[in-house]
Amino acid sequence: MATGVLAGAGTAAADDAPQTQGGATAAIDGLKTYGEAVLHEDGGDQRVAAGLFEMSVDGGGTLQTYCVDIHNPTQRDARYQETPWSGTSLGGNKNAGRIRWILQNSYPQVNDLAALARRADASGLTEQDAAAGTQVAIWRYSDGAKVDAVGSRAEKLADYLYKSARDLGEPRASLTLDPPAVSGHPGDLLGPVTVHTNADAVTVSPPTDAAAAGVRIIDRTGKVITSAKDGSRLYFDVPQDAADGSADLTVQASTTVPVGRAFASESRSQTQILAGSSESTVSATASATWAAEGAVPAVSARKNCAKGGVDITAVNKGDQPFTFELMGTEHTIPAGASRTVTVPLQEDQPYDFTITGPHGFSHRFTGVLDCKTQGSVTTETTQTLGEPSPATVGGNTMPPGTDLADTGGSAITPLITGVAIGLVVIGGAVLVILRRRETPTTDRP
């Protein structure tokens with residue numbers, strides 16, 4: 001019997017690490033090259049920083065990104081994972097391909113600013129203008145935002161990019177393994193697991209766990225594989241006498257991540273889209289489960305924004321049914337069959353559930369469903385006091401003379417300040433009155 005637990009906030013139900021889809025993993029360093037823009041909403045105008053972020057890749061490398069989620073703040077030092085469009089707001093955005101066109105035809109992919117200025121009729125275009133204009137054009141498609149660049153040159157570039165954009169398809173992942181989980185019987189070849197990458201070659205690391213002793217990673221002919229390329233098909237070779245168990249293989253490469261790849265954070269930090277990449281470290285992991293008899297499941301998960309939930313794909317290579325429960329519903333996968341179950345979630349809902357099964361099988365899946373931009377939110381609610389805004393992430397310092405409103409602060413900041421001062425004055429008066437009441441008096445004779 002397998003059980004699944006779904007929680008509003010995650011108490012860990014298992015020790016195994018959450019699965020990812022592979023690719024680059026990075027930490028955001030902050031907004032590095034930017035200008036200013038004005039966001040027009042029903043609650044008033046809001047000045048925000050607009051430009052190019054940088055990320056540091058785990059294992060080495062640097063990424064440059066733009067934001068595709070204007071109303072959410074960028075959390076300081078947030079960690080990001082390369083993610084398919086289907087797992088972000090881009091998956092349901094009919095203009096996502098136009099955003100990719102903008103990225104490929106503007107700064108920093110086009111670093112000849114004079115040539116870019118001629119196309120946009122924006123003589124004197126600077127890097128800050130180019131970054132701000134590109135971000136503004138992206139926001140018009142990613143969020144449907146009414147937003148203008150503050151500088152005339154940046155605004156001309158934004159208009160040019162917005163009007164010229166054409167639809168392009170989603171770029172391929174830098175590195176993934178498909179499927180990310182397989183299962184079978186000892187003595188069989190478990191797989192194949194197919195490598196998808198834009199790298200020339202990837203290194204293949206076999207299982208190192210003591211429980212996986214004797215397990216090899218081979219190709220169809222039985223050759224042990226230590227290096228692979230795009231399209232390579234890998235198999236887990238499990239000894240005939242192996243005890244029931246599981247193992248992971250990891251592939252890693254150094255490559256440039258394709259422009260237009262999405263990057264999402266489980267901390268609800270602004271979703272980003274890739275504008276440029278140095279040579280960077282990318283990796284992916286696949287798991288295998290085996291048993292001599294009974295149900296032998298392989299389970300993987302993927303966010304599905306089109307369906308508003310998480311797709312759980314379960315494959316049963318055993319000789320008995322595999323049964324598990326999610327959100328009060330029991331699911332049974334017959335022997336030799338597979339099934340995908342969509343777990344419905346509310347927007348912004350954290351999830352943390354574990355699917356367990358026979359032979360010690362256990363897989364945990366965690367995350368946050370972040371599929372929409374909050375286009376209907378007014379400026380009164382977009383500012384998160386005490387959290388870094390798009391301009392202050394990573395401790396960036398704005399140019400001299402720039403006030404709070406210019407750093408992404410709400411246009412109602414003066415009102416908030418006035419109310420706060422008023423509350424302080426009222427509080428002081430109340431304390432004086434209370435003290436007078438509490439002063440002891442002398443009894444009359």
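What you see is a predicted model, and the numbers here were worked out from it, not measured in a lab.
For Y235, there are no ring-ring contact (aromatic ring centres under 6.0 Å, His included) partners, not counting sequence neighbours. H331 pairs by the ring-ring contact (aromatic ring centres under 6.0 Å, His included) definition with F324, not counting sequence neighbours. Y160 is linked by a ring-ring contact (aromatic ring centres under 6.0 Å, His included) to nothing, counting only residues two or more places apart in sequence or in another chain. Residues that satisfy the salt bridge (charged side-chain N to carboxylate O under 4.0 Å, His left out) test with D58, not counting sequence neighbours, are R79. For the side-chain contact (heavy atoms from CB on, under 4.5 Å) test, residues two or more places apart in sequence or in another chain that qualify with A78 are I28, Q75, Y80, S265, S267, S269. Here D159 pairs with R140 under the salt bridge (charged side-chain N to carboxylate O under 4.0 Å, His left out) rule; sequence neighbours left out.
At least one side-chain heavy atom of V251 sits under 4.5 Å from a side-chain heavy atom of L234.
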Passes side-chain contact (heavy atoms from CB on, under 4.5 Å), L103 versus I273? Steps please. CA-CA 9 Å; L103 294 166; I273 191 166; 3.7 Å; yes
Between F322 and R339, does a side-chain contact (heavy atoms from CB on, under 4.5 Å) hold up when you go through it step by step? CA-CA 11 Å; F322 170 52; R339 181 177 299 170; over 6 Å; no
Could you walk me through whether L189 and D237 pass the side-chain contact (heavy atoms from CB on, under 4.5 Å) test, one step at a time? CA-CA 5 Å; L189 292 184; D237 180 26; 4.1 Å; yes
Would S362 and T356 satisfy side-chain hydrogen bond (donor to acceptor under 3.5 Å, both in side chains), going step by step from the backbone distance to the final call? CA-CA 4 Å; S362 177; T356 60; over 6 Å; no
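Between S56 and D29, the side chains place a donor N or O and an acceptor N or O closer than 3.5 Å (distance only, hydrogens not considered).
Salt bridge annotation for R268-D69: present, with a cationic side-chain nitrogen under 4.0 angstrom from a carboxylate oxygen. A salt bridge is defined here as a Lys NZ or Arg NE, NH1 or NH2 lying under 4.0 Å from an Asp or Glu carboxylate O, and K229 with D200 fails to meet this definition.
With rounding to the nearest 0.5 angstrom, the OH atom of Y107 is 12.0 Å from the CG atom of L157.
A distance below 6.0 Å separates the ring centres of Y162 and Y141.
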